[in-house]
Every structure is written in structure tokens, then in C-alpha cells.
Amino acid sequence: MTAMRTAPAPTPPPVEPPPVTKSRPRGSRFIRPVVTYASLIVVAALVLVPFVWMLSSSLKRDNEVLTVPIQWIPEEFRWSNFVDVWDRIPMAAYLGNSAFLAVTITLLQLLTGSFAAYGFAKVRFPGRDALFVAYIATIAVPWQAYMVPQYIMMQKAELTNTYWSIILLQAFGAFGVFLMRQFYMTIPDELCEAARMDGLSEYGIYWRIILPLSKPALASLALLTFVNTWNDYMGPFIYLTSNELWTVQLGIRSFVGQYDAEFAMIMTGAVVSVVPILAVFLLGQRYFIQGIATSGMKG
Amino acid sequence: MANAVTEAPRGAPPRGSAQKRRTRRNTLIGWSFILPNFVGFALFTLVPVIAAFALAFLEWDSYRPPEWVGLDNFTQMLEDENFRVALGNTLYYAAGHIPLTLVAALALAIVLNGKIRGVGFFRTAAFFPYVTSLVAVAVVWRMLFNPTAGPVNQFLAAVGVSDLPGWLSSTDWAMPAVILTSVWRDMGYYMVLYLAGLQSIPGEYYEAARMDGANAWHRFWHITLPCLRPTTFFVLVMLTIQSFKILDLIQVMTEGGPGRSTLVLSQLVYREGIVEGNFGYSSAVALVLFVIVLSVTVVQFRLNERRNR
């Protein structure tokens with residue numbers, strides 16, 4: 001906590017050569033760990049201060065949040081905030097809606113994405129590579145450039161303000177196909193060839209051999225999709241207008257608009273919305289980072 | 001990604017009727033795998049992408065039927081002050097976000113590359129802002145930037161800054177506040193890419209440099225940075241694309257305000273197209289956005305090629 005109190009303001013370190021140059025100093029064996037830990041503490045402060053502040057504010061009274069000087073530890077821990085927030089806004093409904101969308105979209109993406117990736121990676125037929133280029137090309141087009149045509153389509157189909165719009169737009173992304181195909185390409189073709197000799201159909205090879213081998217890639221894709229959908233703001237913001245359909249992100253945002261002075265309650269809501277993501281992230285961190293490192297892209 | 005595209009089709013040319021039958025069978029099987037995804041992909045991504053290009057040349061709003069108007073939307077853009085402001089703000093955001101995030105990510109990666117106890121925790125912590133929901137990030141930073149009692153200004157006051165910025169309530173300081181928030185959010189992601197790059201540099205390089213008496217700065221400048229060139233290039237491309245299409249953070253944090261001080265191009269597309277229903281004009285703005293992103297990326301690729309030669 002003392003580190004937090006004396007740490008510089010949470011601004012990024014744009015012009016800070018010291019951690020760069022001193023990361024592997026030559027000189028004394030005693031200075032080196034000191035410098036390293038000093039830079040670690042600076043980094044930790046920069047990264048963590050907003051989280052610490054969020055957590056501490058969520059346990060205060062509204063009028064204790066923005067005080068001079070800052071109170072890093074609440075005078076009295078108001079755990080009751082975490083009880084009250086469920087009555088203040090329909091938090092349970094929002095969380096349920098977010099979970100429903102995230103789980104549905106993740107399942108569809110995993111199923112159709114891994115299935116299509118097998119066609120692209122392990123079955124040879126004319127036109128396959130041209131088709132794959134079409135998939136890749138759309139990844140390069142920013143979503144912002146085609147959100148209007150998507151919106152027109154959904155409006156004409158009268159699917160706005162339903163979950164269908166979000167599910168249909170997000171469940172068949174090219175990204176999942178791309179990620180899974182990259183992984184399938186690393187599985188030797190001889191394995192499939194041998195299975196074919198044994199009389200297994202292509203669907204059998206996919207189901208019995210490729211799918212069990214690709215658990216890490218499936219985990220990566222599942223985590224990335226789940227977190228992306230859970231955190232998505234613009235999609236629900238554009239398509240979901242009725243309050244009973246809102247996701248937790250829309251719920252928190254509207255809370256800020258309605259009760260601007262309820263600082264502590266807003267922070268409590270924010271903490272509640274982040275906890276599921278923290279749990280998912282900590283459980284599957286390895287796959288998460290792997291997914292980013294192997295594909296080099298997200299969203 | 002590059003090798004995925006250039007990978008040559010390995011299918012043998014069909015010879016004889018048995019061969020033909022096999023090709024047809026494979027085509028059927030291949031399509032049966034791809035189809036469930038392709039139907040959704042074609043309808044909800046491919047068609048809208050193609051439509052986006054066509055719409056830019058139409059006059060179409062919620063009341064009137066579409067009409068072909070050629071380049072009218074683009075000439076209208078030249079006179080639209082909102083467009084000029086949004087373009088300027090997008091460039092401003094990119095000019096701040098790209099270099100600051102790059103330097104912060106590299107610094108983080110170098111600090112967290114060592115084999116120190118507890119480094120795993122710090123890496124996780126540094127990456128977590130990127131995974132945290134944007135709404136939570138925006139809500140927290142809005143309070144941190146509170147002009148009178150926010151921690152940021154309290155710190156600035158403590159170090160002796162007398163003329164405290166108004167941050168999100170000031171037209172001059174709203175964009176810097178957004179930039180700082182986005183740097184904080186994104187640096188962990190690019191740190192992961194830099195960490196991978198750092199770990200691929202052979203340790204012998206540093207040993208040899210030490211033998212020659214190179215100090216830490218020299219080792220950084222002559223070994224680390226040149227070896228990280230491919231990573232830096234990739235990070236630069238990703239950052240550029242990400243910066244130019246920024247939307248959600250601004251929508252949640254400022255909604256483009258105060259005034260038009262943080263109005264960016266994607267937000268203009270959203271306002272014109274989805275709020276106002278000017279489908280044609282908004283698609284023209286979106287096309288400009290896409291062309292900017294594409295040309296910056298192409299220029300970066302060209303420069304990279306030339307330097308590699």
C-alpha cells in the first residue's frame with residue numbers, strides 16, 4: 001500500500017529511459033536487483049492504481065470517493081454496497097443477458113469455426129484457397145466500415161432490438177476460422193492420411209482425431225470470443241434498445257448517466273461486471289495469451 | 001497471415017474420370033465442412049462489406065429510396081465541417097496513441113522480461129487492463145480525471161502544477177485524457193507481442209557485446225532494438241489500424257464531446273448512418289476511413305521492405 005501512495009500518477013511512462021537502460025546493468029550485483037525491483041514497483045503502480053482505486057471506491061460512501069487528499073483505504077468498509085447494487089439496478093438480469101449472449105456466440109463460433117477450418121486445412125478442392133482469401137480480406141476491413149450496411153440489413157429483417165441481431169452478426173466471424181485453420185495446418189497431413197486408410201470418413205477424422213488434438217486452440221478461441229462478447233459495447237449499444245435485453249456493459253453505462261453522483265455505487269457495479277472476466281482470464285490465461293501470440297490479432 | 005495467403009494449392013490436376021470423381025467428391029465434402037460457417041459469414045460479413053463500397057455512391061436515407069449520385073457524397077464531405085473536425089481529431093488521437101503505446105509496451109516488456117521472482121504476477125497485471133471491459137475502464141478513468149478532486153489532478157497539484165487541466169470537461173484536454181486512458185488499456189497487449197520478440201533474441205549476442213565492453217544503453221540500441229524490428233513493425237501496423245478506427249472508448253468516455261473536441265471518424269459514421277439514417281453519406285465517410293487505414297498500412301509495408309533490402 002505504501003508503494004501505491006508514493007507512486008506517481010497513473011500516467012503511462014512515455015519518456016522513461018531508466019527502466020529500459022537499467023534493465024540489464026553491468027555494474028554491481030547489489031544494485032541490479034534494486035533497480036529491477038524499483039522499476040517493477042513503478043510499473044505495478046502505473047498499471048494497478050486504477051484497479052486499486054476502483055476497488056477501494058466500491059467500498060466507500062458516495063461522498064467519500066472524491067476527497068482531497070485521496071483515501072486509499074476506506075475509513076469503514078461498506079460491504080453493503082455489494083448487496084445494494086443488485087436492488088439499485090437489475091444487475092442479475094444484466095449479468096444473465098451478458099452470459100447468455102457470450103455463451104451462445106462462443107459455442108456457435110467454436111462449432112462452425114472449427115468445422116470450416118477443417119475444410120480449409122485438410123480437404124483439397126478447387127476454389128478453396130480463393131475462398132479463404134475472401135475470409136482473410138474481410139478481417140482486414142475494419143468493422144466500423146461496414147456497420148451501417150449490417151444495421152440496414154437487420155432493420156429490414158426487423159431483427160433490431162432482439163438477440164438475433166447480435167448473435168447472427170458475431171457468431172460466424174472469419175477470425176475463428178482463421179485461428180483454427182492456422183492450428184490445423186500444424187497437424188501433419190500423414191495423420192489424416194493414415195486415418196483415411198483405416199476407412200475413417202472425413203467427418204470421423206475431424207471428430208475423432210483433429211478435434212481432440214486441437215483442445216488448446218479451441219480453448220484460445222473460446223476464451224477470446226467469450227471475453228470479446230462479454231465486453232462488447234457497440235454491438236448491444238446499437239441493437240438493443242429495451243432495458244430488459246441490456247447486457248451488463250449497457251447497464252453500467254446507463255447507471256452513470258442516471259445517477260451521476262452515486263460514485264461508490266457506480267464503482268461497485270463496475271467491480272461486479274469485471275469479476276466474471278477476471279475469473280475466466282485467470283483460469284485460462286495461458287490459452288488466452290497463446291491465442292494472441294499465435295494469431296497475432298484479435299477482434 | 002502472409003504464408004496463409006501465399007500458400008500454393010497442393011491439389012494435383014485432375015486426370016482421368018476416377019480423378020474427376022474424386023475431385024467432385026472432395027469438393028462436396030469440403031463445402032459441407034465450410035458451409036455452416038460460410039452461410040453466416042457471407043450473409044452478415046461478406047455482403048455488408050461489399051455493400052459498404054456500393055452504398056458510398058448512393059443517396060439513401062430512411063425516407064427516400066436509394067439513388068445513384070456518383071461522387072456527390074465525397075464532394076459533400078469536403079464541405080462538411082464535422083468531417084474535417086473528425087478527421088483532424090482522428091489524426092490527433094493516432095499521433096498520440098501510436099508512439100505512446102509503442103514506447104510504454106516496449107518499456108513494460110523490457111522490465112518484465114527478466115527472470116525475477118513474481119514477474120508472472122506483474123505480466124498478468126499489465127495485461128489485465130486489455131481484458132477488462134471498456135465500460136469499467138472508462139468509468140474509472142472518468143473519475144480519476146475529475147478536475148477538482150480526481151487523483152490525477154491531486155497528484156499534479158502535489159508535484160507543483162498550478163494550472164490544472166480540466167481533462168474531460170475541457171475541449172483542449174479531453175483528447176489527451178482519452179489518449180492516456182487508451183495507452184493504459186492497450187500497452188499490456190502489445191507488451192505480450194514484445195515479450196515474444198525479446199525471448200527470440202539469442203543470449204549470445206548480449207554475451208558477445210559484454211565481452212566487447214558495450215554498456216547497457218549500447219546493448220539496447222545496437223542489439224535489442226534491431227532484433228525487435230519485425231515485432232516493432234507488426235506492432236506499428238496493428239496500432240495504426242486500431243488508432244484510426246477508434247470508436248467504443250470515445251463513445252463511452254466522452255461521446256465525442258465536449259463540443260466536438262473528441263469527435264472521430266468512426267463516430268461520425270455511427271452518427272450519420274445509424275442515428276441519422278443517412279446511409280449513403282455515412283458509407284462514404286466509412287470508405288474514406290477504410291482507404292486511410294489501408295494506405296497507411298501499405299506505406300508501412302513498403303517502407304519496411306525498403307529497409308530490409
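Chain identifiers are assigned alphabetically (A, B, ...) following the order of the sequence lines, protein sequences preceding nucleic acid strands; residue numbering begins at 1 within each chain. Quantities reported herein were computed from a predicted structural model and do not represent experimental measurements.
- Every side chain to side chain contact (heavy atoms under 4.5 Å, CB included) that B/Phe122 has, sequence neighbours left out, goes to A/Leu40, A/Ala44, B/Leu112.
- Across B/Val137, B/Asp248, B/Ile274, B/Val49, the residue that shares the most heavy-atom pairs under 4.5 angstrom with chain A is B/Ile274.
- Aromatic pair B/Phe53/B/Phe290: centroids less than 6.0 angstrom apart.
- The pair B/Arg25-A/Glu202 does not count as a salt bridge, with every side-chain nitrogen at least 4.0 angstrom from each carboxylate oxygen.
- Note on residues 166-177 of chain A: pairs passing side-chain hydrogen bond (donor to acceptor under 3.5 Å, both in side chains), not counting sequence neighbours, are A/Gln170-A/Asp232.
- In terms of non-hydrogen atom pairs under 4.5 Å with chain B, the most contact-rich of A/Ile152, A/Val43, A/Val177, A/Val141 is A/Ile152.
- When atom types are taken as modelled, the side chain of A/Gln144 and the backbone of B/Ser266 share no donor-acceptor pair closer than 3.5 angstrom.
- Heavy-atom distances place no part of A/Phe255 under 4.5 Å from chain B, backbone and side chain included.
- Between B/Phe220 and B/Trp217, the ring-plane angle classifies as tilted under the 30° and 60° cut-offs.
- Heavy-atom distances place both the backbone and the side chain of B/Thr124 under 4.5 Å from chain A.
- For A/Phe281, the part lying near chain B is the side chain, with the backbone staying farther off; criterion is any non-hydrogen pair under 4.5 Å.
- Proximity to chain A is limited to the side chain of B/Leu55, based on heavy atoms less than 4.5 angstrom apart.
- With a 4.5 angstrom heavy-atom cutoff, B/Thr297 does not touch chain A via any of its atoms.
- Contacts with chain A were tallied for B/Ala52, B/Ser133, B/Gly40, B/Ala109; B/Ser133 has the most, counting heavy-atom pairs under 4.5 Å.
- In terms of heavy-atom pairs under 4.5 angstrom with chain A, the leader among B/Ala125, B/Pro99, B/Pro129 is B/Pro129.
- In this structure, the portions of B/Ile29 lying under 4.5 Å from any heavy atom of chain A include both its backbone and its side chain.
- For B/Asn26, the parts sitting under 4.5 Å from any heavy atom of chain A are the backbone and the side chain alike.
- Heavy atoms closer than 4.5 Å to chain B are found in the side chain of A/Leu282, but not in its backbone.
- Of the atoms belonging to A/Tyr206, it is side-chain heavy atoms, and not backbone ones, that fall under 4.5 Å from chain B.
- The candidate with the highest count of non-hydrogen atom pairs below 4.5 Å against chain A, out of B/Arg24, B/Gln251, B/Met143, is B/Met143.
- The aromatic rings of B/Trp60 and B/Phe279 sit perpendicular, their planes meeting at an angle over 60°, well past the 30° parallel limit.
- A 4.5 Å side-chain heavy-atom check between B/Val269 and B/Leu247 finds every atom pair outside the cut-off.
- Of the atoms belonging to A/Val256, it is side-chain heavy atoms, and not backbone ones, that fall under 4.5 Å from chain B.
- Neither the backbone nor the side chain of A/Leu250 comes within contact range of chain B, judged by heavy atoms closer than 4.5 Å.
- Between chain A and the residues B/Leu287, B/Thr27, B/Val131, the largest count of heavy-atom pairs under 4.5 Å involves B/Val131.
- Distance alone, capped at 3.5 Å, places no donor-acceptor pair between the A/Gln150 side chain and the B/Thr45 backbone.
- For an aromatic pair to be called close, the ring centres must be under 6.0 Å apart, and A/Phe237 with B/Tyr270 satisfies this.
- In this structure, chain B has a heavy atom under 4.5 Å from the side chain of A/Val123, while its backbone stays farther away.
- Contact annotation for A/Leu168: both backbone and side-chain heavy atoms come within less than 4.5 Å of a heavy atom of chain B.
- Here A/Phe263 and A/Trp53 keep their ring centres 6.0 angstrom or further from each other.
- A ring-centre distance under 6.0 Å is not found for B/Phe38 and A/Phe172.
- When A/Phe125, A/Trp230, A/Tyr146, A/Phe115 are compared by the number of non-hydrogen pairs under 4.5 Å with chain B, A/Phe115 comes out ahead.
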